[in-house]
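One structure is given here, and the rest of the page talks about it.
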Number of protein chains: 2
Amino acid sequence: MNLKQLSDQLGLSQTTVSRALNNYPEVNEDTRERVKNAARKHSYRPNTRASGLATGKSMTIGHIIPMNSTEVFNPIFGEFIAGASRAYSKRGYELSLTMVQEDSEESIYREIASKGSVDGVIVHAPRVNDSRIALLQQLQLPFVIHGRDNSNETDYSWIDMNNRRAFYQATKLLVDLGHSRICLVNGSESLNFAWRRRLGYVDALDDEGLSVSADLMYSGDLTEANGYNAASDALAQSDAPTAFLVSSYVGALGVRRAIHNAGLVMGKDISVIIHDDELSYFQNDGDIPQFTATRSSVRDAGERAAMMLLDIIDQPDKSPLTELLDAPLTIGASTGPVKKLM
Amino acid sequence: MNLKQLSDQLGLSQTTVSRALNNYPEVNEDTRERVKNAARKHSYRPNTRASGLATGKSMTIGHIIPMNSTEVFNPIFGEFIAGASRAYSKRGYELSLTMVQEDSEESIYREIASKGSVDGVIVHAPRVNDSRIALLQQLQLPFVIHGRDNSNETDYSWIDMNNRRAFYQATKLLVDLGHSRICLVNGSESLNFAWRRRLGYVDALDDEGLSVSADLMYSGDLTEANGYNAASDALAQSDAPTAFLVSSYVGALGVRRAIHNAGLVMGKDISVIIHDDELSYFQNDGDIPQFTATRSSVRDAGERAAMMLLDIIDQPDKSPLTELLDAPLTIGASTGPVKKLM
DNA sequence: ATCGATATCCAAAGCGCTTTAAATATTTTG
DNA sequence: CAAAATATTTAAAGCGCTTTGGATATCGAT
């Protein structure tokens with residue numbers, strides 16, 4: 001059933017039917033009722049492509065997810081998108097998902113812009129000195145970044161958590177507990193978030209007068225295996241760390257396994273603080289959470305980012321929107337005072 | 001830059017330019033070259049909505065992901081979609097993602113069908129007696145199900161793994177190792193896959209002459225917490241199980257935590273077999289995998305499902321396609337002969 | 001009854017593309 | 001060299017919607 005058929009059936013013009021359905025004021029309330037009932041009855045919906053052509057809008061938001069060469073699909077993307085989709089369904093938008101190898105990223109953005117298939121995009125996983133910001137500005141495609149650039153954070157819209165502060169505080173807590181050998185198990189530090197977290201970690205050690213050792217800093221995809229390997233490696237060092245600071249729950253699972261394997265007990269022999277994105281299938285709460293953690297819901301961030309983008313699309317000349325989410329530190333069972341081994 | 005502008009610039013008709021770009025044979029090779037170069041130079045791409053309107057195809061596939069009331073976003077969806085998107089990008093399709101509460105599912109499918117915004121859909125997480133199959137057939141929307149119906153598996157297309165066989169074999173292995181109290185930690189059994197797995201488990205116990213105890217069957221969202229709670233509960237029973245069969249890696253992490261908490265050692269005191277969907281951030285391989293597991297790559301399933309759907313769309317009168325993936329059992333460190341406790 | 005204002009409806013253009021039907025060039029053939 | 005065949009190009013219609021500009025109906029006030 002299309003508009004023509006529906007309006008023929010009703011004995012009305014396409015104009016009137018279209019206006020009735022789109023709640024334009026210049027149509028009689030009785031007719032509007034009649035039209036809406038008929039539409040419901042035949043479950044008529046305006047064809048997306050046709051109305052998009054006519055209005056110049058696609059009512060679709062693109063999410064472009066970078067895949068690196070290791071082909072790891074970071075679970076936080078799924079959770080972020082679950083949040084974003086809440087906003088879209090509320091406001092009548094659709095979500096288009098594209099996964100792209102880093103090396104063809106620029107051409108994909110160009111393609112998306114010229115095809116006009118989306119009204120805006122969410123940029124995931126910004127890197128250090130990410131070229132996508134300038135590109136998108138040039139392409140005139142509305143966008144919101146989940147994260148930030150490192151050099152410039154004023155002339156575009158973003159939502160981010162306070163990575164640096166979170167890791168500063170976490171590091172400081174470990175130092176206050178007496179730890180001086182603290183191992184950082186971080187995400188890939190070509191990514192902005194991981195770079196910021198490292199900054200927080202290093203700053204805190206500096207401020208506390210502790211040395212920063214390259215041997216205690218690991219970075220890579222936040223997989224269970226990488227967490228395990230990093231922690232195993234660190235624990236085998238002659239001057240092994242007594243605490244770990246881990247950038248994700250998933251990575252921390254590997255760290256915990258390594259600790260167990262070394263015959264140590266997490267929370268007693270070794271302290272661990274994680275950043276917890278609050279993935280729905282890894283709840284870290286309850287009276288005493290498993291892990292001491294800095295916490296920030298990535299699903300929530302997804303919803304806010306999406307709303308922000310829709311606002312920008314509605315009001316194009318508004319100045320950029322930014323939002324910095326806090327990631328409070330909550331104490332769980334995985335931390336304790338340093339224990340002198342011997 | 002649109003088609004009119006491009007063809008004006010070239011001094012050709014829109015027809016010829018369009019044909020040149022779409023590789024129609026009736027255009028001179030020289031002109032084609034000229035057109036393609038100009039298109040590249042101005043980075044012209046046909047507007048998606050316009051060409052969609054003209055051809056009647058949207059070149060996008062919809063993925064509809066059910067969210068239950070617990071709001072858990074199952075990580076396998078992300079991984080499946082990562083696979084599917086590979087197929088789409090190869091064949092020029094886009095991916096539209098919709099998350100939907102179970103109660104509004106039917107209306108969403110109807111809406112999608114009448115809006116015509118997708119050429120086909122992938123159906124995720126089929127339930128026992130799922131009404132969506134009949135609905136989609138009625139709506140004439142091409143679809144592929146990741147999973148199957150329980151009563152009928154002939155007149156529609158699906159891709160599934162052999163859930164029943166996998167869990168039959170896994171159960172049998174545990175029995176062969178001497179276990180007789182085997183606890184099943186399953187997904188929500190209103191879902192088809194979990195229902196089939198339970199069938200395999202029950203059949204194997206029956207065949208081996210062992211009793212099936214309701215106390216040893218848990219089902220629910222496959223979260224870490226649920227795995228932990230189920231296993232903790234089971235281990236506290238007077239006649240506690242000596243082995244666990246767990247439907248996912250994530251759930252098994254919880255089970256493992258409960259085993260540790262009970263002061264037991266996985267692989268020695270307690271055996272565990274999981275189903276491993278081969279999530280990219282939870283590799284369970286190496287010389288001796290952590291977990292004995294039935295394995296089947298869900299990312300691979302995603303890619304195959306997508307290709308299957310695209311084939312169906314290309315050749316609508318072809319009979320339904322089906323594919324049953326095997327999930328071979330591989331031995332890891334988490335299983336061993338039953339140990340008499342005392 | 002008549003006029004202007006207001007409410008309600010409609011015909012037709014246009015969004016940017018593909019494709020049908022037809023026109024024009026170019027080759028081939030006898 | 002003309003006719004027939006083939007190669008190449010084009011004008012125009014149409015996809016299903018929104019929206020502009022106008023038409024028609026209705027109403028209160030004169």
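Remember, predicted model here, so these are calculated numbers, not experimental data.
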- [ ] For B:K90, check salt bridge (charged side-chain N to carboxylate O under 4.0 Å, His left out) against everything at least two apart and list the hits.
- [x] B:E303

- [ ] For A:L6 and D:dT18, give me the distance from atom CG to atom P, rounded to whole Å.
- [x] 12 Å

TODO: Using a cut-off of strictly less than 4.0 Å between a heavy atom of the residue and any atom of DNA chain D, enumerate the qualifying residues of residues 111-121 of chain B by number.
DONE: none

Task: Stretch residues 31-42 of chain B: residues that reach within less than 4.0 Å of DNA chain D through a heavy atom - done: B:T31

- [ ] Can you sort out the partners of B:E26 under side-chain contact (heavy atoms from CB on, under 4.5 Å), two or more places apart, ordered by chain and number?
- [x] B:R19, B:Y24

- [ ] Kindly write out the residues that satisfy salt bridge (charged side-chain N to carboxylate O under 4.0 Å, His left out) with A:K4, not counting sequence neighbours, or none if the list is empty.
- [x] A:D8

Open item on the list: Please evaluate residues B:S107 and B:S104 with respect to the criterion side chain to side chain donor-acceptor pair (under 3.5 Å), reporting the C-alpha separation (whole Å), side-chain torsions for both, the decisive distance (0.1 Å), and the verdict.
Closed with: CA-CA 6 Å; B:S107 70; B:S104 54; 5.1 Å; no

Task: ring-ring contact (aromatic ring centres under 6.0 Å, His included) partners of residues 30-62 of chain A, not counting sequence neighbours, each pair once - done: none

Open item on the list: My understanding is that only residues two or more places apart in sequence, or in another chain, count here; which of them pass salt bridge (charged side-chain N to carboxylate O under 4.0 Å, His left out) with A:E105?
Closed with: A:R127, A:R132

Task: Electrostatic pair A:R304:A:D311 at N-O distance under 4.0 angstrom - done: no

- [ ] Any chance you could list the contact pattern along nucleotides 16-21 of chain C? Use B for base contacts, S for sugar-phosphate-only contacts and - for none, protein heavy atoms under 4.0 Å, 5' to 3'.
- [x] BBBBBB

- [ ] Flag the pair A:E29 and A:R34 as a salt bridge only when some basic side-chain nitrogen lies within less than 4.0 angstrom of an acidic carboxylate oxygen.
- [x] no

Task: Spacing between A:L10 atom CG and C:dC10 atom P, to the nearest angstrom - done: 10 Å

Task: Set of salt bridge (charged side-chain N to carboxylate O under 4.0 Å, His left out) partners for A:R148, sequence neighbours left out - done: A:E153, A:D160

- [ ] Check the distance between D:dT9's P and B:E29's CD and give it to me in whole angstrom.
- [x] 10 Å

- [ ] Give a yes-or-no answer on whether the side chains of A:E79 and A:S280 include a donor-acceptor pair shorter than 3.5 Å.
- [x] yes

Task: Rounded (10°) bend between the five-pair end axes of the helix from C:dA1-D:dT30 to C:dG30-D:dC1 - done: 50°

Task: All side-chain hydrogen bond (donor to acceptor under 3.5 Å, both in side chains) counterparts of B:N23, not counting sequence neighbours - done: B:K36

Task: Pairs satisfying ring-ring contact (aromatic ring centres under 6.0 Å, His included), at least one member in residues 108-139 of chain A, at least two apart - done: A:H63-A:H124, A:F77-A:H124, A:F80-A:H124

Open item on the list: What is the separation between atom CG on B:L12 and atom P on D:dA11, rounded to the nearest whole Å?
Closed with: 11 Å

Task: Given A:N150, A:D155, A:D149, the one that forms side-chain hydrogen bond (donor to acceptor under 3.5 Å, both in side chains) with A:N152 - done: A:D155

